[in-house]
Amino acid sequence: WDAGKYSGMVEDYGCDYETVNRLNEEVLHPILQELVKTSFFRYFKVKLWCDCPFWPDDGMCHLRDCSVCECPDNEFPELFKEPSKARLADNMACQEGKPQAAVNRTLDNPWTHDDETDNVGMTYVNLQLNPERYTGYSGPSARRIWDAIYKENCAKYPSKESCSEQKVLYKLISGLHSSISVHIASDYLIDEVLQLWDENLDLLHDRVMRHPERIRNLYFTFFFVLRAVTKAADYLEQFEYNTGNSQEELKTTQSLVRELVFNPKIRAACPLPIDEAQLWKGEEGPELMHQIQKQFRNISAMMDCVGCEKCRLWGKLQVLGLGTALDILFSGNVTSNLIQPLQLERNEIIALINLLNRLSESVKFVHEMGPKAEKLVKGK
Ligand code: FAD
């Protein structure tokens, strides 16, 4: 770990990189790794086959590692087949014919468009059996999506004048992109014939380590989502985690959630979070909020254009997780006198925690393997 390069505070947070690394490795990572294995958190309900609302499909990735193994019907918890609560929402999962993702939403989460009440075409996926890793998906299709996300939706390198709210969205997406690249590097198909998987430190260096901004954004996104999870602590503690499995498993899940959301070490380590209240202020606040929500929903809809099933699964899950974090941190801030109580769906909570786990894995990998990757490249 190059303390010189990444010393100082994680942007917008009162926490230095070393503290974040320690906190992650000693507290967060172990809890999250256990939590995502529980039956509540390992199953994700998702519509994987939607037409891309932005451009005609240019073919799917047919490589073996692109495919998702779906759950046999009897594996998925019966209780999950019922929606956790009814929402008067549009169909989130497919956005065909809605290129602007201009869904008229009034009652539900304005940052996401998930709808558990819609079961048509839904797939149940065991996330533990479908890890985010190298799939071979690349080339013009992948490039077009990242380009569209950055070009159309976030100002790529926000200038000094661009507002803090736009910068937040850019940093979140860039941090997520870094995390995806880290997962590709940490679990890479080294030999196709022998089916040999290993780390690819050249790739880690090339896509992440040699771009300090991407590392800073990864830490920023990690902290942002962690902040959302701790802010929603009471709500998350009270949520119904019963899947119909044993009472013992239910107790384990509840106790891990408590350990995560009320952990005194997390609260003590980084006491000065981003001040959400400072964003969306001023006359243009509400308009700006709507504009950025629309951009974010466009990004969500763009996940249906990802031409690789497994990348699409994790893309959808993580963007839903980010939308949930945005909802927790920002809903109610914009129209100051209209604070709505937090309402989250089961799928949103599953996405939020799995996203946090992915980011925690990425931060750990960058911390542990980043210096090795740099040495390796220098030695060549
Ligand atoms: P890309 O990662 O495609 O990057 C494109 C351009 O974006 C870069 O040239 C650079 O200018 C910019 N950029 C890169 N990183 C950042 C950053 N952190 N912040 C800001 N700008 C950046 N492939 C897999 O093997 N497994 C997966 O699970 C997977 N999931 C994906 C999910 C989504 C939503 C998408 C769109 C793609 C996914 N891919 C996945 C493909 C993968 O992300 C790359 O696109 C692919 O490996 C080709 O990489 P590349 O080197 O061309 O650069």
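Heavy-atom basis, side chains included; hydrogens, waters and symmetry copies ignored. What you see is a predicted model, and the numbers here were worked out from it, not measured in a lab. All residue numbers in this chain count up from 1 along the given sequence. Just so you know, ligand 1 is whichever comes first in the structure, and atom 1 is the first atom listed for that ligand.
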Please could you name the atoms of ligand 1 that Ala142 approaches to less than 4.0 Å, counting only its heavy atoms?
45 (O)
Can you find a non-hydrogen atom of Glu213 under 4.0 Å from ligand 1?
no
Is it true that Trp146 and Val208 fall in one hydrophobic cluster, defined by side-chain heavy atoms closer than 4.5 Å?
yes
If we set the cut-off at 4.0 Å for heavy atoms, which region of Trp314 has an atom near ligand 1: side chain, backbone, both, or neither?
neither
Could you walk me through whether Lys171 and Phe224 pass the side chain to side chain contact (heavy atoms under 4.5 Å, CB included) check?
CA-CA 10 Å; Lys171 285 190 284 192; Phe224 186 93; over 6 Å; no
For ligand 1, is Tyr170 a contact, meaning one of its heavy atoms is under 4.0 Å away?
yes
Evaluate Ser181 for polar contact with ligand 1, using N/O atom pairs at a separation under 3.5 Å.
no
Residue Ile180 vicinity, atoms of ligand 1 by number, heavy atom under 4.0 Å:
29 (C), 30 (N), 31 (C), 32 (C)
Looking only at distance, does Asp147 have an N or O less than 3.5 Å from an N or O of ligand 1?
no
Tyr235 and Phe239 aromatic ring geometry - parallel, tilted or perpendicular at 30°/60° bounds:
tilted
How about His183 and Phe365: are their ring centroids closer than 6.0 Å?
no
Measure from NZ or CZ of Lys45 to the centre of the six-membered ring of Tyr124 and say whether it is under 6.0 Å with the direction within 45° of the ring axis.
no
Between Ile184 and ligand 1, which residue portion shows a heavy-atom distance shorter than 4.0 Å: side chain, backbone, both, or neither?
side chain
Could you tell me which atoms of ligand 1, counted from 1 in the order shown, lie closer than 4.0 angstrom to a heavy atom of Val306?
34 (C)
With atom 2 (O) of ligand 1 as the reference point, say which of His177, Arg207, Met303 has the nearest heavy atom.
His177
Would you call Gln318 a ligand 1 contact, heavy-atom distance under 4.0 Å?
no
Counting only heavy atoms closer than 4.0 Å, does ligand 1 sit against the backbone of His183, its side chain, both, or neither?
neither
Parallel, tilted or perpendicular, judged at 30° and 60°: which one describes the rings of Tyr219 and Tyr17?
perpendicular
Heavy atoms only: which of Ala185, Pro131, Ser174, Cys308 is nearest to atom 19 (N) of ligand 1?
Ser174
Whether Tyr137 lies under 4.0 Å from ligand 1, heavy atom
yes
If the cut-off is 4.0 Å to any non-hydrogen atom of Ser178, which atoms of ligand 1 fall inside it?
18 (N)
Relative to the heavy atoms of Arg133, which atoms of ligand 1 are at a distance of less than 4.0 Å?
24 (C), 25 (O), 26 (N), 27 (C), 28 (O)
Taking 4.0 Å as the limit for heavy-atom contacts, which would you say applies to Lys310 with ligand 1: side chain only, backbone only, both, or neither?
neither
Crowded around Gln195 CD? As in, over 12 foreign heavy atoms under 6.0 Å?
yes
Should Glu25 and Arg22 count as an ion pair when the cut-off is N to O under 4.0 Å?
no
Provide the number and element of each atom of ligand 1 under 4.0 Å from a heavy atom of Ile145.
36 (C)
Pair Asp304 + Lys47, salt bridge at N-O below 4.0 Å
no
Determine whether Ile266 and Leu226 make a side-chain contact, defined as any pair of heavy atoms from C-beta on separated by less than 4.5 Å.
yes
Is any side-chain N of the basic residue among Arg358 and Glu361 closer than 4.0 Å to the acidic one's carboxylate O?
yes
I need the atoms of ligand 1 closer than 4.0 Å to a non-hydrogen atom of Glu132, numbered in the order shown.
28 (O)
A student checking ligand 1 against Ser138 at a 4.0 Å heavy-atom cut-off should list atoms 46 (C), 48 (C)
If you measure only the distance, is there a donor-acceptor pair under 3.5 Å linking the side chains of Ser39 and Glu249?
yes
